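One structure below.
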Amino acid sequence: MTNNERLRFAPSPTGDLHVGGARAALFNWLYARKTQGKFLLRIEDTDRERSTEASLKSILGSLRWLGLDWDEELVFQSKRGELYRSAVEKLLESGAAYRCFCSKEELEAERERAQREKLDYHYSGKCRNLGKETVESYVREGKPYTMRFRVGEGETSFDDHLHGVTTFRNETIGDFIIARADGSPVYILSVAVDDADMGITLVMRGDDHLSNTPKQIMLMKALGYEIPRFCHLPQVLGQDKHKLSKRHGAASVLEYEKMGFLPGAVVNFLALLGWAPGDDREKMTLDELIEAFSLDGLAKKSGVFDLQKLEWLNGQYLNDMPPEELLPLVSALFVEQGFIQKDEVDSRRDFLLGVIIQLKERCRLIPEFAEKGAFFFRAPESYDEKGERKYFNDIEVADRLEALADSFESLEIFDEASTEAATRQVVVNYNIGVGKLIHPTRLAVTGMTTGPGLFELVTLIGKKPVVDRMRRAAEYIRKNSEETNG
RNA sequence: GGCCCAUUCGUCUAGUGGCCAAGGACGCUGGCCUCUCACGCCGGAAACAGGGGUUCAAUUCCCCUAUGGGCUACCA
């Protein structure tokens with residue numbers, strides 16, 4: 001465990017950052033930071049068809065959003081063709097690789113036959129021992145060829161950090177292609193070359209790469225490279241226990257950002273999916289994660305992404321966050337909703353902080369501030385249906401509401417203590433329980449049956465609008481009862 | 001089909017041979033607090049896939065089976 005560890009995350013820019021990828025990135029990052037090593041980023045953009053600039057931007061954006069910073073320059077595979085070509089050349093010269101002239105159709109037929117006969121298929125090795133002259137004449141004819149790696153006898157094994165010694169018999173692998181007919185390198189080759197070239201000391205990636213590892217090792221050996229250590233992480237699954245994908249709802253980090261999750265909560269949650277600190281901590285900051293992180297805490301079992309737990313965690317973050325920190329996020333939402341103008345954010349700062357304070361322990365996601373707090377900005381357009389039936393069911397309610405409105409109006413100081421005192425006084429006059437007045441009042445002022453404490457909310461909104469809303473509700477109740485009676 | 005990997009409450013996990021009649025968290029659920037909701041607090045139900053070994057002793061070690069997953073491309 002020196003501080004010379006070099007880790008990497010190698011996404012393909014073919015979409016947004018996937019949750020599984022983000023978790024792999026996180027573990028690499030944590031290990032690098034823990035060991036004071038380097039965390040590198042390599043962009044696997046050799047698939048020209050599917051790679052896009054927009055995806056790259058999106059992935060980098062998500063990484064930054066999560067707080068995962070990287071060291072050194074980005075490595076683009078698309079810019080390293082020369083490196084791969086010379087590696088292939090070297091393998092060809094040493095005899096570790098050979099030209100294969102088999103056509104796609106031939107190979108396809110072979111594979112189908114094997115499948116039909118339920119036999120284990122791998123390349124027949126037809127071109128493996130072609131005579132020198134044959135090869136030369138084919139090349140002269142311009143017959144297209146791919147490059148194949150000559151897989152030797154024996155077995156290939158490595159000591160995976162998580163899975164221990166894992167062994168593959170070479171005969172089950174079969175000579176594999178390392179360069180296409182157009183000369184471009186295939187993934188397995190570029191990975192081997194890049195990991196060596198970048199000096200990666202520990203390859204930590206999804207366990208879907210487990211069976212690729214022996215190939216990578218054979219290539220590295222043939223190229224005379226030092227073999228890195230490996231650690232294959234379990235996958236992230238959806239509720240149906242299949243690999244997390246769009247079908248399960250949100251599979252990319254970006255979507256969670258849009259849904260109103262906080263980066264700290266997402267990172268925290270991802271860290272706990274497949275890793276445990278060894279104690280009972282759940283909520284942990286990035287620094288605490290670095291501090292506690294160890295490869296030993298990694299799980300072997302793939303984990304199901306539990307949205308409910310993420311939501312809970314996010315709620316914890318929201319609740320624990322100082323209101324000032326929430327202000328930019330929440331006010332941006334309010335502006336977007338048309339609750340306030342952008343230039344009002346500063347002048348109404350105290351009011352907005354008040355709203356946040358009253359709402360934050362009731363919200364799990366940022367957008368809920370708008371759903372649960374619209375009434376702070378405008379009078380309710382309608383009343384909760386159940387609430388209406390329960391609290392606006394009596395003409396007397398209108399009288400009481402008006403009585404309380406009058407009482408509120410006459411208050412010199414309109415604060416929690418005075419409004420509560422006024423309410424309790426009115427209740428005594430009518431000889432009813434305090435709840436009998438509080439609930440209708442809340443419904444009148446907010447349109448809802450749930451929310452912050454009535455006296456807090458009412459003082460934040462202010463006397464005038466509150467009194468207006470109460471009188472309007474009283475009127476509404478009267479009108480309704482006339483209709484139903486008449 | 002072949003190869004490789006995995007298997008503790010519904011879910012995330014603790015547990016590395018005795019401390020486990022299995023602990024925590026989410027969710028579910030009973031209650032307390034209370035003007036409602038939420039928060040918080042106190043309780044509850046809920047798991048070692050099955051079968052063989054090894055051992056004085058297995059959740060922990062080995063084997064088999066079952067189940068799930070991955071790879072088996074001129075994708076990455």
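Given the structure is predicted, the values throughout are model-derived calculations rather than measurements. Chain identifiers are assigned alphabetically (A, B, ...) following the order of the sequence lines, protein sequences preceding nucleic acid strands; residue numbering begins at 1 within each chain.
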Whole-Å distance separating the CD atom of A/Q308 from the P atom of B/C9: 18 Å

Along RNA chain B (nearest heavy atom to each residue), the more 5'-positioned of A/L310 and A/T172: A/T172

B/G70 phosphate, OP1 or OP2, under 4.0 Å from A/R205 side-chain N/O: no

Selected nucleotide, minimal atom distance to A/K241 side chain, candidates B/C74, B/U36, B/U11: B/U11

Short side-chain N/O contact from A/H242 to OP1 or OP2 of B/G69, under 4.0 Å: yes

Sugar-phosphate, base or nothing in reach of A/G303, heavy atoms under 4.0 Å: sugar-phosphate

Separation between the P atoms of B/U54 and B/C63, rounded to whole Å: 15 Å

P gap between B/U16 and B/C4, integer Å: 30 Å

Side chain of A/K301 - closest among B/U13, B/C26, B/C71: B/U13

Nucleotide B/A25, atom P - distance to CH2 of A/W275 in whole Å: 17 Å

Atom pair distance, as rounded to whole Å: NZ in A/K283 and C1' in B/U13: 20 Å

Touch class at under 4.0 angstrom, heavy-atom based, for A/T449 against every strand present: base

Short side-chain N/O contact from A/H163 to OP1 or OP2 of B/A6, under 4.0 Å: yes

Who pairs with B/C41 - Watson-Crick or G-U, where each distance is under 3.5 Å: B/G31

Sugar-phosphate only, base, or nothing, as touched by A/T146 at under 4.0 Å among non-hydrogen atoms: base

Closest nucleotide among B/A73, B/A38, B/U36 to the A/I177 side chain: B/A73

Sugar-phosphate only, base, or nothing, as touched by A/P11 at under 4.0 Å among non-hydrogen atoms: nothing

Ring centers of A/F39, A/Y31 separated by less than 6.0 Å: no

Base partner of B/G17, which must satisfy Watson-Crick or wobble distances under 3.5 Å: none

Position toward the 5' end of RNA chain B (nearest nucleotide), A/L454 or A/D182: A/L454

Test side-chain hydrogen bond (donor to acceptor under 3.5 Å, both in side chains) applied to A/Q316 and A/N268, step by step: CA-CA 11 Å; A/Q316 295 292 307; A/N268 193 158; over 6 Å; no

Touch class at under 4.0 angstrom, heavy-atom based, for A/A276 against every strand present: sugar-phosphate

Nucleotide nearest A/R148 (side chain, heavy atoms from C-beta), chosen from B/A76, B/C35, B/C74: B/C74

Proximity to the side chain of A/L210 - top-ranked nucleotide from B/C37, B/C5, B/A73: B/C5

Gap between atom CD of A/Q358 and atom CZ of A/F369 - 0.5 Å precision: 11.5 Å

Side-chain N,O (A/R169) to OP1/OP2 (B/U72) below 4.0 Å: no

Aromatic contact, A/F27 with A/F293 (centres under 6.0 Å): yes

Distance test, side-chain N/O of A/R111 to OP1/OP2 of B/U72, below 4.0 Å: no

Options B/C71, B/C35, B/C39, nucleotide nearest the side-chain atoms of A/N212: B/C71

Donor + acceptor pair across side chains of A/D47, A/Y187 (<3.5 Å): no

Audit row: A/D399, A/Y430, side-chain hydrogen bond (donor to acceptor under 3.5 Å, both in side chains) steps and yes/no: CA-CA 10 Å; A/D399 299 338; A/Y430 282 98; 5.6 Å; no

Atom-to-atom span, CG of A/D280 to C1' of B/C12 - whole angstrom: 13 Å

Flag if over 12 foreign heavy atoms under 6.0 Å of NZ, A/K79: no

Check against salt bridge (Lys or Arg N to Asp or Glu O under 4.0 Å), A/R424 and A/E420: CA-CA 6 Å; A/R424 293 198 183 276; A/E420 176 158 7; 2.9 Å; yes

Length of the NZ-C1' vector between A/K372 and B/C39, whole Å: 12 Å

Touch class at under 4.0 angstrom, heavy-atom based, for A/E282 against every strand present: base

Ring center gap for A/Y383 and A/F392 short of 6.0 angstrom: yes

Residue A/Q316, side-chain atoms from C-beta onward, closest of B/G40, B/A76, B/A14: B/G40

Base partner of B/U11, which must satisfy Watson-Crick or wobble distances under 3.5 Å: B/A25

Spacing of A/Y317 atom OH relative to B/C26 atom P, expressed in whole Å: 14 Å

Shortest side-chain distance from A/D306, nucleotide among B/G10, B/C4, B/G70: B/G10

Touch class at under 4.0 angstrom, heavy-atom based, for A/G274 against every strand present: sugar-phosphate

Shortest side-chain distance from A/R424, nucleotide among B/C74, B/C35, B/C12: B/C35

Nucleotide B/U72, atom P - distance to CD of A/E108 in whole Å: 14 Å

Base-pairing assignment for B/C3 (Watson-Crick or G-U wobble, both under 3.5 Å): B/G70

Separation between the P atoms of B/G53 and B/A21, rounded to whole Å: 23 Å

Contact under 4.0 Å: A/T46 side-chain N or O vs B/A76 OP1/OP2: yes

Gap in Å between the two P atoms, one belonging to B/G44 and one to B/G2, rounded: 49 Å

Watson-Crick or G-U wobble partner of B/U59, both distances under 3.5 Å: none

Touch class at under 4.0 angstrom, heavy-atom based, for A/T213 against every strand present: nothing

Closest to side chain of A/A299, choosing from B/C74, B/A25, B/U13: B/U13

A/F305 and A/Y256 aromatic centres sub-6.0 Å: yes

Integer angstrom distance from the P of B/U67 to that of B/G31: 43 Å

Rounded P spacing from B/G27 to B/G15 in Å: 24 Å

Rounded distance (Å) that lies between atom C1' of B/C3 and atom NE2 of A/H209: 17 Å

Rounded P spacing from B/U8 to B/G50 in Å: 11 Å

Atom C1', compared across B/G30 and B/A66: separation rounded to whole Å: 38 Å

Sugar-phosphate, base or nothing in reach of A/F168, heavy atoms under 4.0 Å: sugar-phosphate

